[in-house]
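Below is one structure; the comments refer to it alone.
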Amino acid sequence: MTRDEPATSSLSASVGDYLKAIWVIARDEPAGTGDIARALGVNASSVTGMLNKLKRMGLIRYRPYYGAQLTADGRSEALRLVRRHRLLETFLIRDLGYSWDEVHEEAEAMEHVMSGRFTERLAAHLGQPSHDPHGDPIPRDDGTVPSTPSTGLCDVPAGKDFVVSRILSQDPEVLAYVTELGIGPGTRLRVESREPVGELLMVRADGRPLAISRELGRLILGAVRDDAGPQAAP
Ligand SMILES: [Zn+2]
């Protein structure tokens with residue numbers, strides 16, 4: 001991935017936001033238009049118009065029903081923005097005292113105006129972090145992406161220990177609620193049992209009993225941890 005590339009700064013913020021959404025949803029696979037619309041909070045007809053534009057710009061492959069898939073150029077622009085976004089969120093939380101449910105909107109605005117030089121100085125200042133405070137991987141400057149454990153808490157069998165690596169949500173309400181429960185990257189949970197009807201998960205976090213819905217359990221990602229097993233988070 002090249003830095004300070006003049007071509008990238010001529011792309012509009014909304015073009016970048018689409019590329020980022022496609023990457024976050026599907027990485028290198030095709031992303032469905034419905035999922036893209038939901039991620040960006042826009043209606044499906046405006047998504048179709050923008051996807052046709054991105055296709056003409058050579059940033060995606062797009063066919064109705066197949067979805068939108070990043071080309072090499074689209075992918076490198078998406079990763080460039082995701083890198084900036086996640087470094088900014090890390091900086092805001094670690095150095096400026098923001099809480100992790102407050103940083104997304106700030107980062108959304110600033111990522112589009114950061115120079116490559118500022119980005120790399122910021123990365124160096126932060127000690128080249130591999131993951132942001134949500135536990136999301138920060139793409140490296142060379143376009144590779146650190147790996148992240150991604151088992152959902154909802155899929156962990158009763159009796160197993162689980163170490164949280166990532167909360168799969170940018171919704172401030174969800175993040176504030178999860179924080180209130182005392183759950184974040186690095187939290188160790190034990191799944192005690194499942195309530196069979198509504199599939200509530202009965203969990204213990206540092207000895208505290210918690211009931212977690214299946215829906216919330218889907219957003220809490222991490223690794224099952226056997227005591228003899230390997231370290232969970234990189
Ligand atoms: Zn964010």
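In this text, all values refer to a predicted model and were calculated from it rather than measured experimentally. We count ligands from 1, going down the list as the structure has it; atoms in each ligand are counted the same way.
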Exercise. Can a donor-acceptor pair be found between the side chains of Asp73 and Thr71 at a distance below 3.5 Å?
Worked result: no
Problem set entry | Charged N-O contact under 4.0 Å between Arg190 and Asp161 | yes
Exercise. Got a salt bridge between Glu77 and Lys20, using NZ or NE/NH1/NH2 to carboxylate O under 4.0 Å?
Worked result: no
For this session: Can you run down the ring pair (Phe, Tyr, Trp, His ring centres under 6.0 Å) pairs that involve residues 92-120, sequence neighbours left out, and say none if there aren't any?
Result: His85-His104, Trp100-His134
With a 3.5 Å cut-off and sequence neighbours excluded, list the donor-acceptor pairs that the side chains of residues 211-224 form with protein atoms.
unit_1	atom_1	unit_2	atom_2	d
Ser213	OG	Leu216	N	3.1

Seminar exercise, completed: With a cut-off of 2.8 Å, strictly less than, protein N/O/S atoms near the Zn ion (ligand 1) add up to 3
Review item, side-chain donor-acceptor pairs of residues 46-61, under 3.5 Å, at least two apart:
unit_1	atom_1	unit_2	atom_2	d
Ser46	OG	Asn43	O	2.9
Ser46	OG	Asn43	OD1	3.2
Thr48	OG1	Ala44	O	3.1
Asn52	ND2	Thr48	O	3.2
Lys55	NZ	Tyr62	O	3.3
Arg61	NH2	Leu70	O	3.4

